Peer 1: 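Okay, here's the structure, questions in a sec.
Counting starts at 1 for both ligands and their atoms, in listed order. Keep in mind that what you see is a predicted model, and the values were worked out from it rather than measured.
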Amino acid sequence: MVAVGRPLERFDVPVPRIGERDVLVRVKAAGICHSDVHYRAGTSPVRPLPMTFGHEVAGVVEEAGASARDRLRPGDRVVLHYNITCGDCWFCSTGNEQFCPTGLMLGHFTDGGYAEYVGVPARNALILPPEIRFTEGATLMCASATSFHALRKSRIRAGERAAVFGVGGLGLSAVQLARAFGAVEVFAVDRREEQLELAASYSAVPVDASRLDPVAEIRRQTGGLGVDVALEMVGRALTMQQAIRCLAPMGRAVIVGIGSEPLSIDTYRELLGGEAEVIGSNDHLLQELPQLLEMARRGILDTSRVVTRTVPLDASAINDALDALERYEGGVRTVIVP
Ligand SMILES: [Zn+2]
Ligand SMILES: [Zn+2]
């Protein structure tokens with residue numbers, strides 16, 4: 001990205017130089033994410049420019065710094081945790097590194113994986129099991145990981161019911177993970193037929209919000225009770241309200257979709273009367289990724305149908321994919337394979 005609102009451009013840049021605690025990774029797959037659309041458009045600021053995008057990265061270790069060699073060797077298949085943090089501050093040392101004051105997101109505030117090589121601290125590189133393809137590994141590091149974190153924040157328990165508002169990249173992982181966390185029934189709310197069919201193929205109950213009021217429909221299908229957990233992955237005030245209104249007593253609505261519309265709540269009927277909770281959830285943690293990778297390796301989480309297209313490391317192909325995402329077209333996920 002060279003300027004706000006302009007198409008991405010291709011440049012030849014030096015291979016990143018790494019320090020002794022870093023690894024140099026040869027990129028094998030880099031996911032094109034909806035966040036990248038916001039970065040390119042300037043709705044989410046990127047600095048400094050020029051910036052190489054790409055926060056969903058899988059690849060092979062090309063070179064490991066001296067103090068990283070006990071764990072990682074050239075040739076190891078890896079995926080990258082995109083929050084590059086100091087590792088030493090209060091938040092990093094208490095396992096909440098997403099609040100590290102000097103943290104830099106890969107492909108947003110430091111050069112990422114829309115490239116042949118990327119350099120990161122070695123602790124950001126996790127071994128990718130051989131059962132998981134590079135393209136799937138890349139998307140696990142964003143959408144799936146963020147869903148996993150949101151479900152942990154929801155404190156969902158075995159036997160509960162859940163609803164997922166928005167079954168795109170995040171939501172399709174969320175419906176599967178909610179079952180794995182013990183939900184007995186998961187409603188998938190969306191307006192797109194193709195997405196609803198995909199969610200239904202993962203045993204979710206589809207609710208077509210283009211034809212039905214999702215709150216009334218979820219209440220009808222749960223005998224008036226509602227759901228214990230609702231995950232909002234759209235980022236609109238309307239769907240946030242729906243997520244809160246379909247809760248059972250003591251239900252938890254987790255807001256994951258990024259938006260800035262003000263949210264209005266009837267505080268008695270929708271919040272304190274039923275002891276509802278509205279919980280914010282942002283990104284995910286390094287410590288969550290080993291379990292997520294294990295679930296993917298075992299097929300408990302299937303992302304094989306999430307990656308619908310691959311493109312080469314070519315600026316016009318990448319811009320076309322970003323344009324399609326901006327119009328909410330182009331399948332679930334496009335991944336760059338350099
Ligand atoms: Zn992403
Ligand atoms: Zn830190």
Side-chain angles (χ1 to χ4, degrees), residues 1 8 21-22 27 29-41 43-44 46 51-59 79-115 118 120-124 126 134-150 166-174 233-235 256-259 281-289 292 296 301 303 306-311 318 321-322 324-326 328 330-336:
M1 175 174 171
L8 304 187
R21 295 166 78 182
D22 301 334
V27 177
I32 298 178
C33 180
H34 210 106
S35 302
D36 298 326
V37 175
H38 295 300
Y39 303 162
R40 189 183 62 164
T43 44
S44 177
V46 173
M51 175 62 63
T52 304
F53 285 3
H55 57 271
E56 307 179 357
V57 187
V79 281
L80 306 184
H81 175 44
Y82 63 57
N83 278 327
I84 311 288
T85 55
C86 77
D88 300 315
C89 73
W90 171 262
F91 295 108
C92 284
S93 48
T94 54
N96 292 297
E97 80 276 357
Q98 79 268 46
F99 303 118
C100 176
T102 58
L104 294 174
M105 183 178 168
L106 193 67
H108 190 188
F109 300 120
T110 180
D111 284 335
Y114 286 21
V118 60
V120 295
R123 62 193 172 75
N124 280 70
L126 294 103
F134 287 115
T135 49
E136 289 162 34
T139 61
L140 284 175
M141 291 297 100
C142 182
S144 306
T146 301
S147 296
F148 186 84
H149 182 66
V167 282
L170 275 89
L172 283 176
S173 286
M233 305 187 136
V234 181
V256 189
I258 296 173
S281 182
N282 190 25
D283 283 339
H284 48 268
L285 301 169
L286 180 60
Q287 61 180 350
E288 292 166 335
L289 297 177
L292 180 74
L301 171 63
T303 58
V306 169
V307 177
T308 47
R309 201 159 75 95
T310 61
V311 293
I318 294 167
L322 288 166
L325 272 179
E326 203 160 31
Y328 290 90
V332 178
R333 260 304 192 263
T334 302
V335 174
I336 300 166

Peer 1: Using the Zn ion (ligand 2) as the vertex, how large is the angle between SG of C92 and SG of C100, rounded to 10 degrees?
Peer 2: 110°
Peer 1: Mind checking whether S173 and L301 have side chains closer than 4.5 Å, heavy atoms only?
Peer 2: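 Counting from C-beta outward, S173 and L301 do come under 4.5 Å.
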Peer 1: Measuring only between side-chain heavy atoms, which start at C-beta, is Y82 closer than 4.5 Å to M105?
Peer 2: yes
Peer 1: Are E97 and H81 linked by a side-chain donor-acceptor pair shorter than 3.5 Å?
Peer 2: yes
Peer 1: Under 2.8 Å from the Zn ion (ligand 1), can any N, O or S atom of C33 be found?
Peer 2: yes
Peer 1: Which N, O or S atom name in H55 marks its closest approach to the Zn ion (ligand 1)?
Peer 2: NE2
Peer 1: Verify the distance criterion only: is there a donor paired with an acceptor across the side chains of T43 and H38 at less than 3.5 Å?
Peer 2: yes
Peer 1: Taking the N/O/S atoms of E56 one by one, which is nearest to the Zn ion (ligand 1)?
Peer 2: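 That would be atom OE2.
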